[in-house]
Undergrad: 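Mind looking over this structure? Questions follow.
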Amino acid sequence: MSVKNIIEFNDVVFGYTSKMININHVSFSIKEGEYVCVIGHNGSGKSTISKLLSGLIFPNSGKISVLDFEINNNNLNNLHNNIGIIFQNPDNQFVGLTVEDDIAFGLENHMIPERLMQKTINVVCESVGMEEFKTTPPSELSGGQKQRVAIASAIAINPKILIFDESTAMLDPYAKEKLKELMYTLKEKYKKTIISVTHDMEEVNKADKVIIMSKGEIIKIGSAKEIFSDREFLLNAHLDVPYITNLCLSLNENNVNIPLCENIEQLIDELWKTKK
């Protein structure tokens, strides 16, 4: 059975002014349950994609559809019930005095019955590993913990789509890795469609689809394997290849036939297979 498209961009154009076009005739589709990375250098238009998807701005021309309805002023409630967004700086999203207060604020806005609120808060806090911090003020949390709370607030309303807009950019390496693991769990375990706007090429390894932006246009769409296998394209686009991917490609060029790996543990397993 084919998986339906959950998001469609059709010839979308957007510019904050008539002389500055941020998105120029962009078209793509995202299937339900996909993990999609949108990458590109600063000014490429990738963050504009997330703003368009979340209804913060609207196209000058073209059409954006989410779950078969068009994004416009008449459909914002429907949109906000189906899309959650996590920004780069979680401090900009906190409104509550404690973690559970912050999650409850979003639930109240969506008119969730009070009898279900505490159960929902408990469930989402557990799902992001923050059950021990429900009564903690956000100011006492680490950067990684704050992002987990932002995710908990987003998933509390059970959206089908989660957008991460440079959500790992301000984190230390450990917190960044843990957040990426959580994002992948949300896709695999909770069947969410994940869209990650990112500079982190290591994250791209896990993506089902990669959309590469440059100067407001899409210059390539493909799987992580297709993207990383084309080193000439990456070089011309001034994009880095993750170390582990580069190592796999080099091994293949030297007649050690292994697939592209996501991490060192997988690479070691593949190398052992070649010895058997």
Side-chain angles (χ1 to χ4, degrees), residues 1-10 12 26-38 46-59 63-87 90 93 102-113 116-117 119-128 147-168 179-198 203 206-211 221 223:
M1 186 175 68
S2 61
V3 180
K4 69 175 184 179
N5 290 333
I6 197 170
I7 292 170
E8 292 186 350
F9 270 56
N10 291 307
V12 173
V26 165
S27 298
F28 64 85
S29 62
I30 294 174
K31 294 187 181 300
E32 187 172 7
E34 279 190 315
Y35 190 132
V36 178
C37 283
V38 183
K46 63 184 186 300
S47 286
T48 305
I49 295 289
S50 68
K51 291 181 175 67
L52 287 164
L53 269 175
S54 54
L56 295 174
I57 55 177
F58 299 104
K63 179 181 176 181
I64 304 172
S65 299
V66 176
L67 292 163
D68 297 326
F69 64 85
E70 184 177 354
I71 294 180
N72 55 42
N73 275 313
N74 298 323
N75 286 322
L76 284 180
N77 284 339
N78 200 0
L79 179 70
H80 294 156
N81 286 334
N82 286 287
I83 286 186
I85 184 165
I86 298 91
F87 294 103
Q93 294 180 254
D102 196 76
I103 299 170
F105 179 81
L107 293 172
E108 288 169 353
N109 282 342
H110 284 82
M111 294 181 286
I112 303 299
L116 295 178
M117 276 193 190
K119 181 179 179 181
T120 302
I121 291 168
N122 292 340
V123 169
V124 297
C125 282
E126 183 179 356
S127 69
V128 300
Q147 282 293 37
R148 286 173 177 267
V149 175
I151 294 170
S153 296
I155 65 176
I157 60 168
N158 197 28
K160 293 182 179 293
I161 302 161
L162 288 168
I163 302 171
F164 293 83
D165 192 351
E166 300 283 9
S167 301
T168 64
L179 183 57
K180 287 190 288 187
E181 289 175 6
L182 175 57
M183 290 161 65
Y184 196 66
T185 298
L186 290 168
K187 184 250 186 188
E188 289 293 303
K189 183 176 179 180
Y190 297 99
K191 309 305 178 186
K192 303 297 182 185
T193 301
I194 304 294
I195 302 167
S196 180
V197 176
T198 183
E203 181 188 338
K206 288 184 175 291
D208 300 308
K209 180 181 292 178
V210 184
I211 299 172
I221 298 179
S223 67

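The analysis underlying the following values was restricted to heavy atoms, covering all of them including side chains, and did not include hydrogens, waters or symmetry mates.
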Undergrad: Please examine the side chains of Lys46 and Glu166, heavy atoms only from C-beta on, and report whether any two atoms are closer than 4.5 Å.
TA: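 Yes, close enough: below the 4.5 Å cut-off.
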Undergrad: Under the side-chain contact (heavy atoms from CB on, under 4.5 Å) criterion, do Glu70 and Ile64 qualify, and how do the steps go?
TA: CA-CA 6 Å; Glu70 184 177 354; Ile64 304 172; over 6 Å; no
Undergrad: Heavy-atom distance under 4.5 Å between the side chains of Tyr35 and Glu203, does that happen here?
TA: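 A side-chain contact exists here, since the closest heavy-atom pair is under 4.5 Å.
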Undergrad: Charged N to carboxylate O below 4.0 Å: is that the case for Lys187 and Glu34?
TA: no
Undergrad: Ignoring hydrogens, what is the shortest heavy-atom contact between Pro59 and Leu52? Give both atom names and the distance.
TA: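 Distance-wise, the nearest heavy atoms are N-CD2, 3.7 Å.
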Undergrad: Please determine whether side-chain contact (heavy atoms from CB on, under 4.5 Å) holds for the pair Phe58 and Asn73, giving the CA-CA distance in whole Å, both sets of side-chain angles, and the decisive distance to 0.1 Å.
TA: CA-CA 9 Å; Phe58 299 104; Asn73 275 313; 3.5 Å; yes
Undergrad: Has the side chain of Asn72 got a donor or acceptor atom that lies under 3.5 Å from a matching backbone atom of Asn74?
TA: yes
Undergrad: By the definition side-chain contact (heavy atoms from CB on, under 4.5 Å), identify the one residue from Thr198, Ile195, Ile151 that meets it with Phe164.
TA: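 Testing each of Thr198, Ile195, Ile151 against Phe164, the sole residue satisfying side-chain contact (heavy atoms from CB on, under 4.5 Å) is Ile151.
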Undergrad: Distance check, rounded to the nearest 0.5 Å: Lys31 atom NZ versus Lys4 atom NZ?
TA: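 NZ of Lys4 is found 11.5 Å from NZ of Lys31.
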Undergrad: Should Val26 and Phe28 be marked as a side-chain contact (heavy atoms from CB on, under 4.5 Å) after you check the CA-CA gap, both sets of side-chain angles, and the distance that decides it?
TA: CA-CA 7 Å; Val26 165; Phe28 64 85; 3.7 Å; yes
Undergrad: How close do Leu182 and Ser127 get, counting heavy atoms only, and between which atoms?
TA: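 Nearest heavy atoms, Leu182 then Ser127: CD1-O, 3.8 Å.
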Undergrad: Atom CD1 of Ile7 and atom CD1 of Ile71: how far apart are they, to the nearest 0.5 Å?
TA: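 If I round to the nearest 0.5 Å, the distance is 7.5 Å.
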Undergrad: Nearest 0.5 Å, please: how far is CE in Met183 from CD in Glu188?
TA: 13.0 Å
Undergrad: At what distance, to the nearest 0.5 angstrom, does CD1 of Ile221 lie from OG of Ser27?
TA: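 Interatomic distance, Ile221 CD1 to Ser27 OG, rounded to 0.5 Å: 9.0 Å.
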Undergrad: Would you indicate whether the side-chain heavy atoms of Val128 and Ile155 approach each other to under 4.5 Å?
TA: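 In short, these two side chains touch, coming nearer than 4.5 Å.
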Undergrad: Please report the shortest heavy-atom distance between Ala156 and Val124, naming the atom on each side.
TA: CA-CG1, 3.7 Å
Undergrad: I need the Ile49 CD1 to Ile57 CD1 distance, nearest 0.5 Å.
TA: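 If we round to the nearest 0.5 Å, Ile49:CD1 and Ile57:CD1 are 9.0 Å apart.
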Undergrad: Has the side chain of Asn81 got a donor or acceptor atom that lies under 3.5 Å from a matching backbone atom of Asn77?
TA: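 Checking the backbone N and O of Asn77 against the side chain of Asn81, a donor-acceptor pair under 3.5 Å is found.
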Undergrad: Short question: side chain of Asn82, backbone of Pro159 - any donor-acceptor pair under 3.5 Å?
TA: no
Undergrad: Quick check: do Leu79 and Phe69 have side-chain heavy atoms less than 4.5 Å from each other?
TA: yes
Undergrad: Might you point out which heavy atoms bring Ile163 and Ser50 nearest each other, and give the distance in Å?
TA: CG2-CB, 3.8 Å
Undergrad: For Thr120 and Leu107: C-alpha separation, side-chain torsions, deciding distance, then whether side-chain contact (heavy atoms from CB on, under 4.5 Å) applies.
TA: CA-CA 9 Å; Thr120 302; Leu107 293 172; 4.0 Å; yes
Undergrad: Side chains of Val36 and Ile211, heavy atoms from C-beta outward: is any pair under 4.5 Å?
TA: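 Of all side-chain heavy-atom pairs linking Ile211 with Val36, at least one is under 4.5 Å.
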Undergrad: Counting C-beta onward and ignoring hydrogens, is there a side-chain heavy-atom pair between Asn78 and Leu67 closer than 4.5 Å?
TA: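 In short, these two side chains do not touch, never coming nearer than 4.5 Å.
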Undergrad: Is any side-chain heavy atom of Ile161 less than 4.5 Å from a side-chain heavy atom of Ile6?
TA: yes
Undergrad: Taking the side chain as every heavy atom from C-beta outward, state whether Ser223 and Asp208 have any atom pair closer than 4.5 Å.
TA: no
Undergrad: Measure across Ser54 and Ile85 and return the closest heavy-atom pair with its distance rounded to 0.1 Å.
TA: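 Ser54 and Ile85 have their closest heavy atoms at OG-CD1, 4.0 Å.
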Undergrad: OG of Ser167 to CD1 of Ile86: how many Å apart, nearest 0.5 Å?
TA: 6.0 Å
Undergrad: Taking all atoms of both residues into account, what is the closest heavy-atom pair of Gly106 and His110, and its distance?
TA: O-ND1, 3.0 Å
